[in-house]
Amino acid sequence: MLNTIGVIGLGVMGSNIALNMARKGEQVAVYNYTRDLTDQLVEKLEGQTITPYYEIQEFVQSLKTPRKVFVMVTAGKAIDSVIGSLVPYLEDGDVIMDGGNSHYEDTERRYDELKSKGIGYLGIGISGGEVGALTGPSIMPGGDHDVYEKAAPILTKIAAQVDGDACCTYIGPKGAGHFVKMVHNGIEYADMQLIAEAYTFLRERLQLSVNEIADIFETWNQGELKSYLIEITAEILRKKDEETGLPLIDVILDKTGQKGTGKWTSIQATDNGIPASIITESLFARYLSSLKEERVVADHILAGPESDEQSLDQDLWIEYIRQALYVGKVCAYAQGFTQYKMSSELYDWDLPLQDIALIFRGGCIIRAEFLNSISEAYQAQPNLANLLISPYFAEKVKDYQMGLRKVVCDGVNSGISFPCLSASLTYYDSYRTGISNASLLQAQRDYFGAHTYERRDMPGVFHTNWQ
Ligand code: 6PG
């Protein structure tokens, strides 16, 4: 019997995707460049319909036409080399899917090259990590719609399911799927940093123990902050180090790595005049964190404020930080969704914002309860300029903004850095400023560079002889 799908790349993600497909009744062919990973997967199999191949030609020939090959290898040159080895054995109408974190511009190049050969190409954003890959990730496919339709029955089956809906939807042409995944990761960076800042406040300002903070996160996860990242934060804080018995969080070195997707999000936003300040701050916070040795030296040289002996009312401030975190999250998602909207117009993609919010409700890292409200906001106003001005979020943020102000002010006064909480507040206040100081910048530009300016009271372009 011919196989219904092939998976190339049997690292943890690829193996789990293959197992997921097999569990959903697919007949899966698997192949890896080195034999060892294939053998490791084979050892784990217990009656799943997965057949290993050790020659790429045999692997391809074992597939039912139109052939569908799901590639799950490290983004970059490895994808090009896999494609290169597949192409000689593929025919018109076959489909290659890239499920890695590829840059969307690479996906567009590959799409064009394969289209000219008659081979369909889907750039598929996959979120959910190892567990998601096995039990149901969030899936963001981009490419030609007719090509998507060939793969859709399998993709929707292996995706996470929420309220009977698959967390998989057609995103748009060419690189749109990988673009949506890239910005998902930008939001993920911001969300993680905001949570870390809330943790810092609870620990350093309210002097709570790691366990008490875990309890707070657990409670928050039962309310409107309910989300995967809040949930795992509570679990992380409960974990003890086996060596020392200390909370594991206190043993982990405070230097953050990154693999590039958050950086690409910032670069794309910067290149295209899209305000993604919270996402970018979260990236810079990672860069600053990695200057660990310098930070330790600076800690002994640079002064902070005099310590404030005044103790804070715990219950009140736990509520303020909850509100601050909520507003920060809304602002971060608002920036990500604005990036979708502006890029969709720029690239003529027609991104389905309402559906993107829906498929983020399950499987992915940024899954959160309030994505239902985000989706509803776009359903009510498909051309909504910014989530912040949707009636639901405008009201919520109006109620909670004072919590964010109090926490940011307290951080400023006590010398705690809140890169993303303060960026959220700045974004919120800048966005609601109808008349801004940009007039002064325009005047300065015109003064020293004759860059000209427009007037508020009449059309046209003006220059003043300032001296
Ligand atoms: C996901 C994750 C996943 C991953 C990235 C980002 O959606 O499943 O975003 O793709 O976590 O590798 O990781 P970095 O923090 O290393 O950039």
Side-chain angles (χ1 to χ4, degrees), residues 9 11-17 20 70-76 78-79 97-104 106-107 123-142 155 158-160 162 167-169 171 175 177-196 227-233 236 252-269 276 278-290 329 332-333 336 339-340 356-368 371 419-420:
V12 190
M13 290 294 287
S15 299
N16 282 356
I17 285 278
N20 183 350
F70 197 98
V71 183
M72 203 72 206
V73 300
T74 312
I79 305 274
M97 294 170 256
D98 169 15
N101 274 334
S102 292
H103 192 288
Y104 71 101
D106 286 337
T107 300
I124 303 188
I126 299 257
S127 177
E130 297 171 22
V131 176
L134 182 64
T135 58
S138 176
I139 302 182
M140 303 148 231
L155 296 178
I158 63 163
V162 174
C167 292
C168 170
T169 195
I171 297 292
H178 275 144
F179 179 86
V180 166
K181 175 66 198 327
M182 176 186 84
V183 177
H184 162 286
N185 282 23
I187 300 173
E188 172 186 303
Y189 280 33
D191 202 343
M192 292 166 72
Q193 178 63 31
L194 285 162
I195 291 172
S227 60
Y228 172 72
L229 286 169
I230 295 276
E231 177 191 329
I232 65 163
T233 303
I236 288 166
I252 296 175
L253 185 66
D254 50 337
K255 265 180 160 179
T256 314
Q258 54 99 24
K259 295 201 194 73
T261 44
K263 180 180 75 180
W264 299 342
T265 308
S266 278
I267 292 173
Q268 195 272 345
I278 311 168
I279 292 170
T280 304
E281 271 300 340
S282 67
L283 176 73
F284 287 168
R286 290 190 182 200
Y287 291 164
L288 251 165
S289 82
S290 63
K329 273 171 173 275
Y333 283 64
Q339 192 160 352
Y340 288 147
I356 291 172
L358 285 181
I359 64 161
F360 283 173
R361 289 177 310 156
C364 72
I365 305 297
I366 65 166
R367 60 185 184 259
L371 280 158
C420 282

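Starting from 1, each residue takes its place in the sequence as its number. Ligands are counted one by one from 1 in listed order, and the atoms in each one are counted from 1 as well.
A heavy-atom distance below 4.5 Å is found between the side chains of Ile230 and Lys329. The side-chain heavy atoms of Val183 and Val180, taken from C-beta on, include no pair separated by under 4.5 Å. Looking at His178 and Asp98, their side chains come closer than 4.5 Å, going by heavy atoms from C-beta outward.
Gln258 CD: more than 12 foreign heavy atoms inside a 6.0 Å radius.
Within the 4.0 Å heavy-atom criterion, neither part of Met182 lies near ligand 1.
The shortest contact between atom 15 (O) of ligand 1 and any protein heavy atom is with Arg286 NH1, 2.9 Å. From the protein, the heavy atom lying nearest to atom 13 (O) of ligand 1 is Lys259 NZ, 4.1 Å.
Within the structure, ligand 1 has Gly129 among the residues with a heavy atom less than 4.0 angstrom away.
Checking side-chain atoms of Ser289 against main-chain N and O of Thr256 turns up a donor-acceptor pair under 3.5 Å. Put simply, the side chain of Tyr228 never gets that close to the backbone of Gly128: no donor and acceptor are under 3.5 Å apart.
Comparing heavy-atom distances from atom 11 (O) of ligand 1 across Arg367, Gln258, Glu188 singles out Glu188 as nearest.
The distance from ligand 1 to the heavy atoms of Tyr189 drops below 4.0 Å at these ligand atoms: 14 (P), 15 (O), 17 (O). Residue-ligand proximity, His184 to ligand 1, at heavy-atom distances under 4.0 Å covers atoms 7 (O). Close approach of ligand 1 to Asn185 is summarised as follows: ligand atoms under 4.0 Å from at least one heavy atom of the residue are 5 (C), 6 (C), 7 (O), 9 (O), 10 (O). Counting the atoms of ligand 1 from 1 in the order shown, those under 4.0 Å from a heavy atom of Ile365 are 1 (C), 2 (C), 7 (O), 8 (O). Close approach to Gly128 involves these atoms of ligand 1, each under 4.0 Å from a residue heavy atom: 1 (C), 7 (O), 8 (O). Every atom of ligand 1 with a heavy atom of Ser127 under 4.0 Å away is listed here by number and element: 1 (C), 7 (O), 8 (O).
For the residue pair Glu281/Gln193, the side-chain donor-acceptor check at 3.5 Å is not satisfied.
In terms of N/O distances under 3.5 Å, ligand 1 is not approached by Gly257. Polar contact check, Lys181 against ligand 1: a nitrogen or oxygen pair lies under 3.5 Å apart.
Phe360 and Tyr340 have tilted rings, their planes meeting at an angle from 30° to 60° on a 0 to 90° scale.
The minimum heavy-atom distance linking Asn20 with Ile158 is given by the pair ND2-O, 3.0 Å.
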